[in-house]
Number of protein chains: 2
Amino acid sequence: MGTLEEERRSVTIDDVARHVGVAKGTVSRVLNNYKDISPATRERILHAVKELGYQPSSTARSLKRGRQDTIGLVMPVGRGRGADPFLSEFIDGIARALDGLNLDLLITTAPSTADLVAVHERLIARRKVDGFILTRTEVDDARIRFLTERGFPFVAHGRTGQPEAFSWLDVDNEAVFVEGVRHLHGLGHRRIAMLAGPQDLNFARQRVEGYRGGLAQSGIPVEVEVELEIVTDLTEEGGAEGARRLLALPLPPTAVLCTTDAQAIGAMRLIRDAGLVVGQDITVIGYDGLPVGAYLDPPLTTFSQAAREAGGRIAAMLVDQIGNPLARPVQDLTDALLIRRGSDGPPARTPQEIAGLLGK
Amino acid sequence: MGTLEEERRSVTIDDVARHVGVAKGTVSRVLNNYKDISPATRERILHAVKELGYQPSSTARSLKRGRQDTIGLVMPVGRGRGADPFLSEFIDGIARALDGLNLDLLITTAPSTADLVAVHERLIARRKVDGFILTRTEVDDARIRFLTERGFPFVAHGRTGQPEAFSWLDVDNEAVFVEGVRHLHGLGHRRIAMLAGPQDLNFARQRVEGYRGGLAQSGIPVEVEVELEIVTDLTEEGGAEGARRLLALPLPPTAVLCTTDAQAIGAMRLIRDAGLVVGQDITVIGYDGLPVGAYLDPPLTTFSQAAREAGGRIAAMLVDQIGNPLARPVQDLTDALLIRRGSDGPPARTPQEIAGLLGK
DNA sequence: TTGACGTCCGAAACCGTTTTTGTAACTCTG
DNA sequence: CAGAGTTACAAAAACGGTTTCGGACGTCAA
């Protein structure tokens, strides 16, 4: 029942060649659809391949071809402690898209944000990937500077501060938050707050800018903004902390726009604990479309972007770029949809009344 | 400013050798810490390596060595629609652990559960990975049968129905749910329900078994179980649906143990919508320790396993196994901690009273 | 002085592919 | 029917490392 010598050597192209009685180059040409092979030998070779269960070694192929058929994604880490629900759906979308193309996805973490570039550099130097997908772009993004300068293929989810010449897919964050403010204004809100995120993240900054633009368009004085715009972490804790500070104001807002659902969830919790009714006394709107939001009380109104689709689309863009490195960058702006659930509504009370309720 | 000829050829071991004036074998030996190199040449070579920025091609190295320094994880897909929050933390833990070992993580999705084995097979045949990490083991798991028979290294998160000889790390699901029932019994509950998951998933089955065991130990008649044990999807919808069926019973339970937090969240929502107070009228306990649970109303009491740590531990186990394939399997049972938040408490009403409240 | 032994390193084989080059045997063409 | 052009494949050269083998040289004991 199997000696110790049970060498599990896998079948190589030489085995196939010998089995058929041709040169291995011939086998290779058949497998790569060269035209200068007689139908007869092609048939014999294909048959042997099937019979022996031969699969080419991607390692050897990569060495010769100089391509790895693998794309890389370096997970940003530390930011917002814990798993990013957007990211996991996004990755799922990428992996699915790649599946049909016979490509694989290599995932790595960087020990810290500072090492981000170094990790990409290592992956390139070691020749492990053909291209990168970047997430969570920063206003001034070192990875993007490095990769463009290096001429290495990549596609980013998100833009940077300067409209550089690289391929990206992004949500029109600014437009979305303009719409958010106008929606609230239409409901009758006049004191509208914003829970912003770290301003080195580009999407966080864009969302704030949309907020400001929306205020301007709605004719709400700028003084409001400086008071009601609060930067916190993109986590539940951050959201709770931000809400706490908003409620502590002499005149609290009647509506809060949040940069992420996580923030919104934390804010809702704190507002409820303060004895106020979310969706009536204070409206809360999130962003991410997390499924869990539908099960909160009240269900969270949120902007939803199609994370999985974005992943798939970006993967396709990257594959194109790898295949055709000289093509001009492709840039794509998508929308996010406002999913109205239960956490928004016309203001039931004035800021003064709310302040009163809070015992001020 | 750079001709078209700007060939971005990367520096190879030959470049280094030529630069120093030695044979490339010598360079290789220096880089791999062979001892038969004079300190002088070693120094010169190391210096040149730094100067030229040489990094060995992992492809070429893999070809010769027969190792890829990469481990694979095939994402189960379709199950429980949407991203699995456990999985993303788990993956994060793996990636971090691998980082220090100079290994990488290759992630793939299988188009369907049926193709799961085929995907693993392809990855092996193409020689893309040195080992696998398996998640969500099934009671009868085809992947595990395939890999053990093939003698290919892997470590599973979770066991199977039969105690086979492979390495795994698992939570003692049964013990955890026994404890869950006893906790509830201790609070005074007598009609304790269970929202179970698909029974081909091993952890789902184990948790049900723990539930049953707990009932038995608490002296609760088995008749209760057959009525109060409901199989649903591991999603919020599943949980809501399960809760709906439980409330429709002539005698509803006063406590519900859920297989996952997602279920628990759905169940909480439905119970509240039915006009009952979670944590008083009906206790709900989840499993997964999702951070979002802390921000629900009431905050969800849940069992928490350390997903990130599990990922790291499993990665380490796999690395050991790859390095030493003949070692005996390692098996590790961990605990999950009950995090009491606000969704559990002594029953405020009898099942009869609850039925009355529901208008029966 | 000679042979045995260590030390340090060059040369070459090898890993499993792809791709280039070469050529024998045919098919045309005039 | 000779020379040119195809066709269909064999042979060999990469790709960029690692590892084996062996040789030159220096040291040391006899």
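Each chain gets a letter, A, B and so on, in the order its sequence line appears, and its residues count up from 1.
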State plainly whether the residues [X] and [Y] are in salt-bridge range, i.e. N to O under 4.0 Å.
| X | Y | answer |
| --- | --- | --- |
| B:R96 | B:D92 | yes |
| A:D140 | A:R145 | yes |
| B:D104 | A:R122 | yes |

Name the nucleic acid region contacted by B:T59, choosing base, sugar-phosphate or nothing; use a 4.0 angstrom heavy-atom cut-off, strictly under. nothing

For the pair B:F132 and B:H120, name the ring-plane relationship: parallel under 30°, tilted 30 to 60°, perpendicular over 60°. perpendicular

Closest to the A:D14 side chain, choosing from C:dT17, C:dC15, C:dA11: C:dT17

Of the listed C:dT18, C:dT17, C:dC8, the closest approach to the A:R65 side chain comes from C:dT18

First encountered from the 5' end of DNA chain D, between A:R44 and B:K24: A:R44

If each of A:A60 and B:D36 is mapped to the nucleotide of DNA chain D with the nearest heavy atom, which maps nearer the 5' terminus, i.e. the 5' end? A:A60

Separation of [X] atom [atom1] from [N] atom [atom2], in whole Å?
| X | N | atom1 | atom2 | value |
| --- | --- | --- | --- | --- |
| A:Q68 | C:dT17 | CD | C1' | 13 Å |
| B:N32 | C:dC9 | CG | C1' | 16 Å |
| B:I45 | C:dC8 | CD1 | P | 13 Å |
| A:D15 | C:dT17 | CG | C1' | 13 Å |

I want to check one thing: is the phosphate of C:dT18, taken as OP1 and OP2, less than 4.0 Å away from some side-chain N or O of A:S28? yes

Any side-chain N or O of A:S62 below 4.0 angstrom from OP1/OP2 of C:dT17? no

Scanning both residues in full, the closest heavy-atom pair of B:R44 with B:V22 reads NH2-CG1, 4.3 Å

Minimal heavy-atom distance between A:S57 and A:A60, with the atoms involved, is OG-N, 3.1 Å

Contacts under 3.5 Å, N or O only, protein and nucleotides 20-28 of chain C:
unit_1	atom_1	unit_2	atom_2	d
C:dT20	O4	A:R29	NH1	3.1

Passing candidate, side chain to side chain contact (heavy atoms under 4.5 Å, CB included) with A:I322, options A:N324, A:V319, A:L318: A:L318

Considering heavy-atom distances to DNA chain C, does B:L63 or B:K35 have its closest nucleotide positioned more toward the 5' end? B:K35

Would you tabulate the side-chain donor-acceptor contacts of residues 14-21 of chain B under 3.5 Å, counting partners in other chains and residues two or more places apart, or write 'none'?
unit_1	atom_1	unit_2	atom_2	d
B:D15	OD2	B:R9	NH2	3.2
B:D15	OD2	B:T12	N	2.8

Going 5' to 3' along DNA chain D, which nucleotides are the first and last within contact of chain B (any atom under 4.0 Å from a heavy atom)? D:dG16 to D:dT20

Out of the candidates B:T137, B:D170, B:N202, only one should pair with B:R159 under the side chain to side chain donor-acceptor pair (under 3.5 Å) rule; please name it. B:D170

